[in-house]
There are 2 protein chains.
Amino acid sequence: MAQRRTPTIKDVAASAGVGIATVSRVFSGGSVSAATRERVLAAARDLDYRPSALGRGLKLRRSGGIGLIVPDVTDPFCAELIAGVLACARTLGEHVIVDAAHGDPSREAEIVERLVEQRVDGVIAQPAGTEADWRAAARVCSSVVFAGRALPGLPQIPAVLADDAGGVRSLTEYLAGLGHRRIGFLGAAPGSPSRVREDAFRATLAQLGVPVEEDLVVAARPVGDAAYAAAAGLLQRRDDVTAVLAAGHLLGEAAVLVARELDLRVPADVSIAMVDDVAWAELCDPPLTAVARPARDIGYRACEMLLREPARRGRGGPVLLATELVVRGSCGPLRTARR
Amino acid sequence: MAQRRTPTIKDVAASAGVGIATVSRVFSGGSVSAATRERVLAAARDLDYRPSALGRGLKLRRSGGIGLIVPDVTDPFCAELIAGVLACARTLGEHVIVDAAHGDPSREAEIVERLVEQRVDGVIAQPAGTEADWRAAARVCSSVVFAGRALPGLPQIPAVLADDAGGVRSLTEYLAGLGHRRIGFLGAAPGSPSRVREDAFRATLAQLGVPVEEDLVVAARPVGDAAYAAAAGLLQRRDDVTAVLAAGHLLGEAAVLVARELDLRVPADVSIAMVDDVAWAELCDPPLTAVARPARDIGYRACEMLLREPARRGRGGPVLLATELVVRGSCGPLRTARR
DNA sequence: ATGAAAGCGCTAACAC
DNA sequence: GTGTTAGCGCTTTCAT
């Protein structure tokens with residue numbers, strides 16, 4: 001059984017004794033008589049015919065797929081976001097080209113370039129690059145939607161985000177409500193364009209009449225060792241810290257590890273809470289109080305916005321999706337200095 | 001500034017005063033004089049020209065991308081596998097269309113269909129469907145490689161797998177070496193075609209002269225509640241079980257949760273170990289002993305095999321990648337019955 | 001080294 | 001309802 005050439009619309013037409021236009025109509029939903037349709041379908045089945053998205057795409061000047069750029073597919077938040085995008089794309093009949101930029105703007109730019117060459121119908125990104133990078137990218141992309149993170153300087157690019165400020169506020173209020181005053185804040189790196197988390201922390205504290213000690217607000221690149229170092233530095237430098245608010249799961253992980261290393265009991269000696277309700281939050285001991293960001297919804301909405309609401313693009317600022325405070329056992333009432 | 005039509009090779013050719021063949025050569029690495037190349041490049045830059053992968057793909061009858069089908073992108077193992085595939089694909093200049101089948105064979109078949117229409121250069125899959133499904137899929141796909149899971153009945157489809165048998169063996173030997181004799185085994189559902197984990201467990205025990213009690217070998221669908229129910233059933237039914245070997249991270253999670261619920265101390269009352277060294281294994285208390293599967297390498301190798309070694313396809317059975325036993329604090333020496 | 005021309009497989013007028 | 005035809009943007013002989 002020799003491997004024949006992949007059958008084309010022409011083969012099907014010939015085999016069914018009709019014109020190619022009729023075959024096209026059968027597969028793209030034109031009007032065809034039932035009898036003819038049957039004949040065509042039979043011939044197609046017979047030949048193992050699959051319409052070529054390449055041919056169709058060339059004609060239509062679009063591929064029927066979208067691009068999705070995230071920092072890292074193994075990050076739980078990104079993974080959920082991807083799942084949301086896939087779910088929505090599926091309902092709309094689009095495929096998704098996924099790639100990871102790993103925080104490297106030039107790599108991200110390459111990915112965008114590639115997606116443009118693929119003539120994707122649009123791209124969803126949790127951006128790593130600068131505003132200039134994305135200003136350029138937006139010019140060349142048919143359309144872009146930011147998801148999970150946005151660039152404040154580009155309000156014309158629609159975005160779907162978690163209400164991070166609200167999340168941090170509720171976390172801060174929760175800790176303050178337990179009596180904590182010296183709360184350490186583990187935030188993202190200084191270069192980070194979206195300091196909304198840190199800002200919300202400061203604002204909430206101020207609002208509560210709690211003075212913000214600069215010494216307690218530390219920034220770290222959200223990478224294993226950097227985060228660990230930052231957490232260790234904070235907890236060792238200030239043994240009067242009674243609670244730590246980690247602005248991300250990697251930072252939270254670092255806090256848990258450092259507390260364990262320093263033999264601090266949680267929450268007796270120090271309370272820990274974080275942004276991102278990842279799987280291990282429930283598994284660790286004690287289970288960690290966290291603010292859940294609706295990652296999957298963010299992905300889903302972003303995809304919907306990209307594909308269904310091209311009109312609405314960018315109107316009225318970013319879409320903010322509510323976070324949810326999940327209280328577990330890692331935070332307790334203020335007792336006394338830990339030593 | 002009106003939004004002009006996307007420039008084509010023809011526009012560039014005209015603007016540079018050359019033929020379209022020359023432009024094509026410039027972008028696909030043909031031989032062109034330095035001066036001409038410069039002119040073309042300048043014109044292209046000028047027009048914001050990007051070669052259309054659709055046009056090229058149609059001509060070449062391939063899209064330059066591959067398909068990747070996993071059960072669930074949010075599963076840590078799958079996510080790592082995806083990362084591996086992306087890393088390799090990137091080095092080979094291919095893009096990756098990712099989709100999740102969620103264990104549904106018909107959905108998986110749809111995805112395959114779609115990928116074929118896209119004329120992907122090949123597909124990598126952690127298969128959910130039956131052997132019949134994939135026999136059919138393989139006929140219509142240019143090429144397929146299984147990753148992380150394979151179908152024993154289709155040895156002609158190359159596969160890259162973790163050495164699961166070896167992993168379970170080392171875990172079993174480790175527990176037995178600690179003195180445990182009544183080891184509960186939490187395995188995957190009965191329908192599972194690859195019972196290698198359970199088989200390895202039984203074989204190792206037999207080899208060690210430890211009788212296998214059927215009552216201690218339970219199967220559960222690896223889904224939250226089913227896994228929990230199975231673990232709870234096991235631990236409640238047999239309070240003489242001194243160790244649990246979970247054949248996957250969801251099963252392990254269930255074991256940890258149940259132990260906590262039943263107020264069993266780990267490892268004093270019961271030792272717990274599992275397959276899959278996911279992030280939370282290190283974070284939970286006590287940290288969990290686990291066997292790490294090289295998910296990323298599996299993805300990378302699978303991609304490499306798909307794209308670089310089309311010759312070697314399926315020769316010599318599946319490629320087995322070594323697992324690694326990561327000993328942490330969740331397993332202790334046998335002491336006494338727990339109550 | 002470069003250009004002209006023939007498709008790659010498909011859709012969308014347009015005729016009938 | 002159905003067939004004919006003209007491209008969609010590209011690569012690739014084949015001349016020059």
Side-chain angles (χ1 to χ4, degrees), chain A residues 4-41 43-44 47-65 93 114-121 140 142, chain B residues 4-41 43-44 47-65 93 114-121 140 142:
Chain A
R4 304 249 310 260
R5 189 175 52 67
T6 309
T8 77
I9 197 173
K10 222 183 256 178
D11 301 316
V12 178
S15 162
V18 301
I20 61 169
T22 300
V23 178
S24 173
R25 286 188 194 102
V26 168
F27 283 94
S28 344
S31 74
V32 184
S33 82
T36 313
R37 153 166 282 121
E38 242 357 282
R39 285 229 312 293
V40 170
L41 252 20
L47 296 171
D48 263 353
Y49 168 73
R50 260 89 182 170
S52 162
L54 259 19
R56 168 185 299 141
L58 180 58
K59 181 68 195 177
L60 267 28
R61 314 163 100 166
R62 37 183 298 260
S63 65
R114 165 122 212 168
L115 293 175
V116 173
E117 293 191 0
Q118 294 298 320
R119 299 298 189 260
V120 292
D121 301 348
V140 64
S142 40
Chain B
R4 304 253 309 262
R5 189 176 52 68
T6 310
T8 77
I9 197 172
K10 222 184 258 180
D11 301 316
V12 178
S15 162
V18 300
I20 61 170
T22 301
V23 178
S24 173
R25 286 186 194 106
V26 168
F27 283 95
S28 344
S31 74
V32 184
S33 81
T36 313
R37 153 166 282 123
E38 243 356 284
R39 284 229 312 294
V40 171
L41 253 20
L47 296 171
D48 262 350
Y49 167 74
R50 262 85 180 171
S52 162
L54 259 18
R56 167 185 299 142
L58 180 58
K59 183 68 194 177
L60 266 28
R61 315 162 96 158
R62 35 183 300 260
S63 65
R114 165 123 213 167
L115 293 175
V116 173
E117 293 191 1
Q118 294 299 319
R119 299 295 189 263
V120 292
D121 300 347
V140 63
S142 40

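Because the structure is a prediction, the values reported are computed rather than measured. Hydrogens, waters and symmetry mates are skipped; everything else that's a heavy atom, side chains included, is used.
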- Query: If we only count heavy atoms from C-beta on, is the A:V140 to B:D48 side-chain gap below 4.5 Å?
  - Reply: no
Check whether any side-chain N or O of [X] sits under 4.0 Å from OP1 or OP2 of [N], and answer yes or no.
| X | N | value |
| --- | --- | --- |
| B:S24 | D:dC10 | no |
| A:S28 | C:dT11 | yes |
| A:S52 | C:dC8 | no |
| B:T22 | C:dA1 | no |
| B:R25 | C:dA1 | no |
| A:T8 | C:dC8 | no |
| B:R56 | D:dT11 | yes |

How many Å lie between [atom1] on [X] and [atom2] on [N], as a whole number?
| X | N | atom1 | atom2 | value |
| --- | --- | --- | --- | --- |
| A:R5 | C:dG7 | CZ | P | 13 Å |
| A:R62 | C:dC10 | CZ | C1' | 14 Å |
| B:K59 | D:dG7 | NZ | P | 18 Å |
| A:R61 | C:dC10 | CZ | P | 19 Å |
| A:F27 | C:dG9 | CZ | P | 15 Å |
| A:E38 | D:dT2 | CD | P | 13 Å |
| B:R119 | C:dC8 | CZ | C1' | 11 Å |
| A:I9 | C:dG7 | CD1 | P | 18 Å |

Determine the contact category for [X]: base if any of its heavy atoms lies under 4.0 Å from a base atom, sugar-phosphate if only primed atoms, P, OP1 or OP2 are that close, otherwise nothing.
| X | value |
| --- | --- |
| A:L54 | nothing |
| B:L60 | sugar-phosphate |
| A:G29 | nothing |

Counting distance only, does the side-chain N/O of [X] pair as donor-acceptor with the main-chain N or O of [Y] below 3.5 Å?
| X | Y | result |
| --- | --- | --- |
| B:R50 | A:E117 | no |
| A:S63 | A:R119 | yes |
| A:R61 | B:L54 | no |

- Message: So if I apply the side-chain contact (heavy atoms from CB on, under 4.5 Å) rule between B:V23 and each of B:V12, B:T8, B:T36, which one comes out positive?
- Response: B:V12
- Does B:G19 or B:G55 map to a spot on DNA chain C nearer the 5' end, using the closest nucleotide for each? B:G19
- Message: Quick check: on DNA chain C, is the nucleotide nearest B:V23 upstream (toward 5') of the one nearest B:L58, or the reverse? Name the residue that is more 5'.
- Response: B:V23
